[in-house]
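Some notes on the structure that comes next.
Atoms within a ligand are numbered from 1 in the order they appear, just like the ligands themselves. Keep in mind that this is a model prediction, so the values were computed, not measured.
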Amino acid sequence: MTINDVKLIDLPKIIDVRGNLSFAENYNQIPFEIKRTYWLYDVPGGECRGGHAYRETQEFVIALSGAFDVTIDDGRQKKTFTLNRSYYGLYIPKGLWREMENFSTNSIALEFASTKYDENDYIREYDEFLKLKSNGKI
Ligand code: TYD
């Protein structure tokens, strides 16, 4: 996988004077079956999250509130996506390094994952990531 496989995906937006509504479904807006969801909140100013890759896990990230940047690195190139609306999300395939930063006050990152939590799926050392990437192992 490379940064070209990362995609911003628009979500349906049901506009209503009572308040807007968006949604996402398995294999529809989200291109995998959701096995887990988690969210990041109360991120102190200046903090970074992420800093790892997954061997198998695919993710879909939405800025449910506020804004933050997601930088994706495929070992050759990097690309930064700013997420700041709740009606689109970022699809991140497996095997890509990600960093999340510049969280605005009270921002919430909602993340859908294609796997249940498994620490063995994480690659937390950047050098190991580069090695696996250059060997074609991820
Ligand atoms: P981690 O994925 O490293 O955080 P981030 O990438 O958002 O900076 O997870 C931080 C800790 O939370 C780690 O010790 C594992 C735990 N955790 C779970 O137990 N279940 C989960 O679904 C996730 C995402 C993390």
Side-chain angles (χ1 to χ4, degrees):
M1 295 296 165
T2 74
I3 55 168
N4 297 322
D5 299 305
V6 177
K7 298 213 174 341
L8 280 171
I9 297 177
D10 285 326
L11 299 173
K13 187 177 180 189
I14 315 294
I15 296 174
D16 193 310
V17 289
R18 300 170 301 161
N20 300 335
L21 180 154
S22 289
F23 59 88
E25 298 176 341
N26 284 341
Y27 298 124
N28 204 345
Q29 295 79 18
I30 295 184
F32 55 79
E33 186 183 2
I34 301 161
K35 294 274 178 61
R36 174 166 54 105
T37 185
Y38 62 97
W39 45 98
L40 297 172
Y41 55 97
D42 292 347
V43 179
E47 282 296 341
C48 266
R49 302 288 318 212
H52 53 73
Y54 297 116
R55 295 170 199 277
E56 290 300 330
T57 303
Q58 306 169 62
E59 287 200 321
F60 187 80
V61 188
I62 302 173
L64 210 52
S65 181
F68 51 85
D69 293 334
V70 185
T71 300
I72 306 295
D73 178 344
D74 62 14
R76 289 173 182 265
Q77 285 181 288
K78 288 184 189 187
K79 191 166 175 185
T80 298
F81 298 85
T82 296
L83 301 186
N84 56 11
R85 293 285 184 271
S86 59
Y87 51 80
Y88 63 80
L90 187 69
Y91 168 61
I92 312 173
K94 65 181 181 177
L96 296 168
W97 192 267
R98 84 281 319 275
E99 310 264 358
M100 299 169 71
E101 59 195 343
N102 299 326
F103 286 87
S104 67
T105 306
N106 293 330
S107 56
I108 300 176
L110 177 64
E111 313 214 16
F112 298 102
S114 65
T115 59
K116 289 194 173 176
Y117 174 72
D118 176 5
E119 185 59 36
N120 295 323
D121 194 45
Y122 281 75
I123 302 154
R124 292 194 183 272
E125 298 299 327
Y126 189 68
D127 285 350
E128 188 194 356
F129 167 73
L130 289 179
K131 208 157 116 192
L132 291 168
K133 215 63 188 155
S134 62
N135 290 342
K137 296 239 169 88
I138 56 166

Parallel, tilted or perpendicular: ring planes of Trp97 versus Tyr126, cut at 30 and 60 degrees: perpendicular

Per-atom contacts of ligand 1 with Tyr122, taking only distances under 4.0 Å to non-hydrogen atoms: 1 (P), 2 (O), 3 (O), 24 (C)

Closest protein heavy atom (residue, atom, distance) for atom 24 (C) of ligand 1: Arg36 NH1, 3.4 Å

Min heavy-atom dist Met100 to ligand 1 below 4.0 Å: no

Backbone or side-chain N or O of Glu119 under 3.5 Å from ligand 1 N or O: no

Test item: side-chain donor near acceptor, Tyr117 and Glu119, under 3.5 Å: yes

Polar proximity ligand 1 side, Leu40 side, N/O cut 3.5 Å exclusive: no

Taking atom 4 (O) of ligand 1 as the reference point, the nearest protein heavy atom with its distance: Arg49 NH2, 3.1 Å

Minimum side-chain heavy-atom gap Phe23-Leu11 below 4.5 Å: no

Closest protein heavy atom to atom 6 (O) of ligand 1, given as residue, atom name and distance to 0.1 Å: His52 NE2, 2.5 Å

Polar side chain donor-acceptor pair, Tyr87 to Asn20, under 3.5 angstrom: no

Location of contacts on Lys35 toward ligand 1, heavy atoms closer than 4.0 Å: neither

Shared hydrophobic cluster for Leu90 and Phe103 (ILVMFWY, side-chain gaps under 4.5 Å): yes

From the candidates Trp39, Tyr117, Tyr38, the one that places a heavy atom nearest atom 15 (C) of ligand 1: Tyr117

Lys133 side chain near Leu96 side chain, heavy-atom distance below 4.5 Å: yes

Under-4.0 Å protein heavy-atom contact, atom 1 (P) of ligand 1: yes

Min side-chain heavy-atom separation Arg55-Leu132 under 4.5 Å: yes

Full working for ring pair (Phe, Tyr, Trp, His ring centres under 6.0 Å) between Tyr54 and Tyr122: CA-CA 5 Å; Tyr54 297 116; Tyr122 281 75; 4.9 Å; yes

Nearest protein heavy atom under 4.0 Å from atom 11 (C) of ligand 1, yes or no: no

